[in-house]
Amino acid sequence: MGVLLVVTGVVTVAYWLDFFIRGSVQAVSADWYLRFERAFPAADGWMALCSLVAALGLFTESAYGTVFALLAAGALIFLGLMDLTFNLQNGLFRLLPGSGQMWVEVVIIAWCLAFGVFLAFYFGTRVV
C-alpha cells in the first residue's frame, strides 16, 4: 500500500511539473480550461503530501500512516469527482478518440476514484 501511495504522490508532482514546464499533459489550450487546471496544484499538492506522509507512516508502522492514508483517500475522491464533473460538463470526453491527453485524464480520474475509495474502505476499517 505504501508503494502505491508513493507512486500517487510522485506521479502527481511529475504531472504538474509537465503541466507548467512543457504543457504536454494539457488536453485543451483554451484559457477557460487552463484557468480551471491552474486552480488544482494546491489541492493536488495536499493530496500528494498526504500520500507521501501516509506511505512513510506505513513503512515505519506508525499510527499516523493510517490517518494520512484516510486524508489522502478523501482528497483523491474529491479531486477525481471534480475532474469527472468538469470534463462531463464541458464535453471534453468527446476528445478521447484523438487525444492522448484526455486518455491521461481518464486514467487520473479512474485512479483517483478507485484508489481513493479503496483507501477509504481499507484504512477506515482499521480505525473503527
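Numbering starts at 1 and runs along the sequence shown.
Looking at T125, its side chain does come within 3.5 Å of a backbone N or O of Y122 through a donor-acceptor pair. S62 contributes no side-chain N or O that, together with a main-chain N or O of G65, makes up a donor-acceptor pair within less than 3.5 Å.
Listed by first and then second residue, the ring-ring contact (aromatic ring centres under 6.0 Å, His included) pairs involving residues 89-116 are W111-F115 (not counting sequence neighbours). The list of salt bridge (charged side-chain N to carboxylate O under 4.0 Å, His left out) pairs with a residue in residues 23-33, not counting sequence neighbours, reads D31-R35.
Evaluation of the side chain to side chain donor-acceptor pair (under 3.5 Å) rule for E105 yields Y15 as partners, not counting sequence neighbours. Scanning for side chain to side chain donor-acceptor pair (under 3.5 Å) contacts around D83 gives an empty result, with sequence neighbours left out.
Residues G80 and I109 approach most closely at O-CG2, 3.9 Å, considering heavy atoms. When every heavy atom of A73 is checked against every heavy atom of A120, the shortest pair comes out as CB-N, 3.6 Å. A69 and A54 get closest at one heavy-atom pair: N-CB, 3.3 Å. The two residues L113 and L84 come nearest to each other via the heavy atoms CD1-CD2, 4.4 Å. Taking all atoms of both residues into account, the shortest heavy-atom contact from S29 to L34 is O-CD1, 3.5 Å. Closest non-hydrogen pair, A27 versus L95, comes out as O-CD1, 4.5 Å.
Other residues, nucleotides and ligands contribute over 12 non-hydrogen atoms within 6.0 Å of the CZ atom of F36.
Under the 4.5 angstrom side-chain criterion for Ile, Leu, Val, Met, Phe, Trp and Tyr, the cluster partners of L17 are V13, I21. Counting side-chain heavy-atom gaps under 4.5 Å among Ile, Leu, Val, Met, Phe, Trp and Tyr, the cluster of F68 also holds W46, L49, V53, L56, Y64, V67, L71.
Considering CZ of F118 and CG of L4, their distance stands at 8.5 Å, rounded to 0.5 Å.
Side-chain atoms of S24 and D18 form a donor-acceptor pair, as typed in the model, at a separation below 3.5 Å.
Residues F20 and W16 bring their aromatic ring centres within 6.0 Å.
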